[in-house]
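Indexing begins at 1, ligand by ligand and atom by atom, following the structure's order.
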Amino acid sequence: MAIDLQFDRQHIWHPYTSLKNPLPVYPVTHASGVTLYLEDGRSLIDGTSSWWSAVHGYNHPQLNAAVTEQLSKMSHVMFGGITHQPAVDLAKTLLSLVPASLTKVFFADSGSIAVEVALKMALQFWLAQGNPHKTKILSLAKAYHGDTFAAMAVCDPDDGMHSLFRSQLTPQLFAPAPQSRFDGLWRPEDETSLRWLFTQHHQEIAAMIVEPILQGAGGMRMYHPRYLQLCRELCNEFNVLLICDEIATGFGRTGRLFASEHAAIAPDIMCVGKALSGGYITLAATLCSDQVANGIGGTLMHGPTYMANPLACSVANASLQIIASGQWQTQVSAIEQQLKTELIAAKNLPQVADVRVLGAVAVLEMMDTVDVALCQRLFVDLGVWIRPFGRLLYLMPPFIISPQELRQLTGALLQVAQQPIFTSQPPLPGA
Ligand SMILES: *Cc1c(COP(=O)(O)O)cnc(C)c1O
């Protein structure tokens with residue numbers, strides 16, 4: 001039976017869309033490797049890894065085996081008062097991959113919740129230290145940390161979510177987005193503005209939260225490693241905890257296992273998600289140091305129903321085993337080289353404002369906001385799955401993509417970037 005698109009259109013919300021005037025959705029029946037199969041028989045090369053997550057591709061034999069094996073033992077048991085092998089194994093593997101100063105793991109059920117838990121840890125830490133004045137979080141303009149309320153409050157202060165919910169969001173502090181590019185020279189004004197904020201406000205700042213090196217859904221901006229080092233130095237100098245949100249960047253995406261390695265720093269608290277479970281089932285985690293955990297002392301006030309779900313932990317274990325084998329390094333550096341070579345031509349296109357590549361991420365920043373529905377149709381007609389937002393056309397393919405398949409993605413990107421794709425409508429928040 002065909003997927004009921006009319007029912008979908010009338011009754012189901014998709015991410016960041018309106019039910020009154022929904023964007024079209026494409027019915028997918030199955031997926032394998034880097035290919036999504038549409039109901040009408042067409043197939044699409046995936047340029048998104050289903051939002052950073054499916055790094056090993058779809059329908060992966062090892063990941064499938066991990067889920068099915070666990071399924072026959074138990075799908076879920078509560079984590080309150082119970083533990084199990086998949087959770088213990090996953091925590092061990094995670095701790096073996098992250099900086100040695102991170103020693104404790106909290107399993108969360110999505111990235112946004114991992115951010116909530118990180119913020120809670122930081123606030124609770126200072127309360128337990130007898131310092132009730134450190135209640136603010138310092139974040140960056142153009143940041144994205146999730147869709148729940150505390151996470152929204154540390155997202156870019158001018159974007160749609162913020163303006164819509166302004167009166168409901170805890171006011172936080174924001175530094176300007178870093179101006180020093182990853183591939184450019186260090187600009188001292190970045191230090192001036194950040195240091196000023198620390199100097200003025202450190203007594204009220206509990207933690208600084210950053211997406212290391214790559215600001216993702218808030219604008220796909222890649223900034224200078226010196227900036228991240230500076231965050232670490234200022235946090236040390238002014239007694240502020242540093243939270244690295246590696247939910248998008250973790251597990252090899254930027255060419256390092258974690259993006260904070262570009263700056264050779266370790267955070268006090270770290271969030272991981274997205275690729276953690278290889279694109280199979282929602283799972284995230286918040287890690288922290290002994291110092292933070294001991295400082296909190298008492299009970300950490302959080303405990304989701306599906307905490308450390310065994311199916312999710314098992315598939316995450318299988319996914320991290322593939323990551324730990326290290327083959328992502330060759331894959332990501334080959335992808336980076338090819339993206340640079342094939343997309344450099346886009347710099348000269350009149351509609352393109354900027355081209356950025358880091359690891360297995362490529363961004364064409366266009367001169368104006370693009371029409372998402374139109375772009376998607378053009379991409380689907382070219383046999384690729386690429387979902388633009390705002391002024392950005394971007395790629396973050398599964399690491400297993402072949403050079404031929406990647407060439408199809410870059411070719412489609414270059415072709416669509418030359419079409420009349422700009423919309424006169426104001427962009428939907430987050431669309
Ligand atoms: C996607 C994302 C989140 C939120 O994760 P969800 O699983 O969608 O809740 C938080 N931070 C960053 C950097 C992300 O990219």
> Which heavy-atom pair separates Ile243 from Cys271 by the least distance, and what is that distance?
Replying inline: CG2-SG, 4.3 Å
> For ligand 1, which atoms, with element, lie under 4.0 Å from some heavy atom of Glu211?
Replying inline: 13 (C)
> His145 heavy atoms, cut-off 4.0 Å: which ligand 1 atoms fall inside?
Replying inline: 10 (C), 11 (N)
>> Show me which atoms of ligand 1 lie under 4.0 Å from any heavy atom of Ser112.
In response: 4 (C), 5 (O), 6 (P), 9 (O)
> If you measure only the distance, is there a donor-acceptor pair under 3.5 Å linking the side chains of Lys120 and His302?
Replying inline: yes
> Quick one: which ligand 1 atoms are inside 4.0 Å of a heavy atom on Lys274?
Replying inline: 1 (C), 2 (C), 3 (C), 14 (C), 15 (O)
> Using a heavy-atom cut-off of under 4.0 Å, does the side chain or the backbone of Tyr144 touch ligand 1, or both, or neither?
Replying inline: both
> If we ignore angles and hydrogens, is there a donor and acceptor under 3.5 Å between the side chains of Ser50 and Tyr58?
Replying inline: yes
> Do ligand 1 and Trp52 have nitrogen or oxygen atoms that lie under 3.5 Å from each other?
Replying inline: no
> Strictly by modelled atom types, are Thr103 and Asp290 linked by a side-chain donor-acceptor pair under 3.5 Å?
Replying inline: yes
>> Less than 3.5 Å apart, any donor N or O on the side chain of Glu246 or Ser260 sitting next to an acceptor on the other?
In response: yes
>> Show me which atoms of ligand 1 lie under 4.0 Å from any heavy atom of Ile247.
In response: 2 (C), 3 (C), 10 (C), 11 (N), 12 (C), 14 (C)
>> Evaluate Asp245 for polar contact with ligand 1, using N/O atom pairs at a separation under 3.5 Å.
In response: yes
> Considering distance alone, does some N or O of Val115 sit under 3.5 Å from an N or O of ligand 1?
Replying inline: no
> Nearest protein heavy-atom contact for atom 6 (P) of ligand 1: which residue, which atom, what distance?
Replying inline: Gly111 N, 3.4 Å
> Does a side chain donor of either Asp245 or Tyr144 reach within less than 3.5 Å of an acceptor in the other side chain?
Replying inline: no
> Is any side-chain N of the basic residue among Glu204 and Lys136 closer than 4.0 Å to the acidic one's carboxylate O?
Replying inline: no
